Amino acid sequence: MKKKILVTGGTGYIGSHTVVELQAAGYEVVIIDNLSNSNVEVLKGIEKISGICPTFVQLDCNDKAGLSKMFTDNAGIKGIIHFAASKAVGESVQQPLMYYRNNLVTLVNLLELMPEFGVEGIVFSSSCTVYGQPDILPVTEDAPIKPALSPYGNTKQINEEIIRDTIYSGVPFKSIILRYFNPIGAHPSAEIGELPNGVPQNLIPYLTQTAMGIRQELSVYGNDYDTPDGSCIRDYINVVDLAKAHVIAIERVLGEKSLADVETFNLGTGRGVTVLELINAFETGTGVKVPHKIVERREGDIEKVWANPKKANEVLGWTAQESVEDTLLTAWNWQKRLREKGIQ
Ligand code: WQD
């Protein structure tokens with residue numbers, strides 16, 4: 001009997017890639033998404049890859065009554081992977097209250113409903129932004145959680161505390177917290193990829209749209225940081241590698257193997273890359289120039305962060321496989337597919 005998994009935010013970037021890997025692993029998937037930063041057409045892309053169109057319910061996780069009805073209508077959901085959230089660092093500085101409402105209330109609603117519907121585990125999409133600017137790099141899971149540099153990062157810190165406090169109160173479910181570094185790239189089929197609504201906030205979609213001529217010029221937010229070329233350093237991880245880690249995590253949280261009621265893992269490659277190095281890698285790999293200029297720093301940005309992925313490697317048996325260079329090619333193939341389809 002296939003286990004049924006709820007994926008919130010499942011038409012989003014990481015969510016859709018995770019749905020494909022869950023289906024490949026034999027899970028039945030129910031997606032809920034409010035389509036605020038994704039498009040329902042993503043379902044067609046998922047079906048083209050897996051041959052299975054997941055159940056989809058357009059729903060905002062702030063709507064607790066709607067969530068309850070969804071659980072009743074889709075009986076037997078055993079696990080949840082919770083992606084649905086606002087996730088742009090810069091935007092969160094401009095709209096903090098929207099971030100606190102959207103990123104916190106949604107999680108509380110889900111956790112309150114889990115015991116009522118027999119849901120046994122939740123995998124939570126957290127972020128390396130919970131570390132703030134680490135004192136020691138690469139950063140490990142036991143690094144101190146420093147004051148967040150953005151409301152977005154703060155919501156992820158609070159989310160993690162909500163989960164830990166709830167689990168420790170004795171609820172009948174477990175949780176695994178996954179701290180992503182910087183997810184990039186697209187499925188090798190180019191049937192799904194990153195497609196934010198409006199002007200991209202994240203680096204790679206803005207970069208590929210600039211390379212395609214949709215955007216005139218990429219702004220590099222600062223080159224006066226304490227890094228080899230002055231631009232910020234991040235740990236860019238292939239989105240399919242990241243998706244595969246979620247399948248391992250949901251299997252673990254629903255199985256007997258999870259040693260603790262709450263476990264936390266860094267999902268990164270362990271390699272730090274600067275913004276300018278990334279632009280150079282893209283231009284070298286694709287032969288396409290990316291017009292760019294240095295501008296002032298973006299408020300809320302962390303100077304440099306990359307993962308020590310040893311715990312995920314050893315405990316989950318998961319290691320990122322794809323290089324940044326190869327991953328950038330998947331991002332470019334996806335951008336070209338969007339142009340072929342007349343979407344961008
Ligand atoms: C990356 C670098 C910018 C845009 C992301 C996600 C967040 C979380 C952590 C998962 C920074 C620079 C960007 C641009 C630029 N991941 N940049 N010009 O801020 O590291 O956060 O990873 O949960 O959800 O947003 O990612 O892609 O915005 O920025 O120079 O037009 O690129 O300054 O150094 P960030 P990002």
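All ligand and atom numbering here is 1-based and tracks the order in the structure. Given the structure is predicted, the values throughout are model-derived calculations rather than measurements. Below, all heavy atoms of this structure are taken into account, side chains as well, without hydrogens, waters or symmetry copies.
The side-chain contact (heavy atoms from CB on, under 4.5 Å) test with V305 is passed by exactly one of V139, T129, D235: V139. Exactly one of R339, Q335, K336 qualifies for a side chain to side chain donor-acceptor pair (under 3.5 Å) with Q344. That residue is Q335.
If you check which protein heavy atom lies closest to atom 9 (C) of ligand 1, you get S127 OG, 3.7 Å. In this structure, the protein non-hydrogen atom closest to atom 6 (C) of ligand 1 is N202 ND2, 3.6 Å. Remark: minimum distance from atom 20 (O) of ligand 1 to any protein heavy atom is reached at R234 NE, 2.8 Å. The nearest protein atom to atom 16 (N) of ligand 1, hydrogens excluded, is given as F181 O, 3.4 Å; this is a heavy-atom distance. Closest protein heavy atom to atom 23 (O) of ligand 1: Y152 OH, 2.8 Å. Atom 5 (C) of ligand 1 has N182 ND2, 3.6 Å as its closest protein atom, hydrogens excluded (heavy atom only). For atom 17 (N) of ligand 1, the closest non-hydrogen atom on the protein side is Y221 CD1, 3.6 Å. For atom 12 (C) of ligand 1, the closest non-hydrogen atom on the protein side is V275 CG2, 3.9 Å.
In this structure, Y236 is part of the shell of residues with a heavy atom less than 4.0 angstrom from ligand 1.
R164 contributes atom CZ, which lies 14.0 Å from atom OG of S169 (distance to the nearest 0.5 angstrom).
Listed by number with element, the atoms of ligand 1 under 4.0 angstrom from any heavy atom of Q201 are 4 (C), 28 (O). Within ligand 1, counting atoms from 1 as listed, the ones closer than 4.0 Å to a heavy atom of C232 are 34 (O). Counting atoms of ligand 1 from 1 in the listed order, those under 4.0 Å from a heavy atom of V220 are 30 (O).
Checked by distance only, ligand 1 and S219 come closer than 3.5 Å through their nitrogen or oxygen atoms. Note: an N/O pair closer than 3.5 Å links R298 and ligand 1 by distance alone. The N/O atoms of D301, backbone and side chain alike, include one that comes under 3.5 Å of an N/O atom in ligand 1. On a distance-only criterion, I204 and ligand 1 share no N/O pair closer than 3.5 Å.
Across all their heavy atoms, A85 and K156 have their closest contact at CB-NZ, 4.1 Å.
No donor-acceptor contact under 3.5 angstrom links the side chains of E91 and Y152, judged on distance only. Between the side chains of S231 and N223, no donor-acceptor pair is found at a separation under 3.5 Å. No side-chain N or O of T264 forms a donor-acceptor pair with one of E141 less than 3.5 Å apart. With 3.5 Å as the limit, one finds no donor-acceptor pair spanning the side chains of N62 and T106.
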Inset, instruction - Determine, stepwise, if the pair Y180 / H246 fulfils ring pair (Phe, Tyr, Trp, His ring centres under 6.0 Å). - result: CA-CA 11 Å; Y180 310 159; H246 287 75; 5.2 Å; yes
Inset, instruction - Could you walk me through whether K44 and E47 pass salt bridge (charged side-chain N to carboxylate O under 4.0 Å, His left out), step by step? - result: CA-CA 5 Å; K44 290 178 184 165; E47 187 173 8; over 6 Å; no
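Comparing I302, L203, L267 by heavy-atom distance to atom 27 (O) of ligand 1, the nearest is L203.
Residue contacts with ligand 1 for Y225 are absent, since no atom lies close enough (heavy atoms, distance under 4.0 Å).
Using modelled atom types, one side-chain atom of W318 and one backbone atom of D241 make a donor-acceptor pair closer than 3.5 Å.
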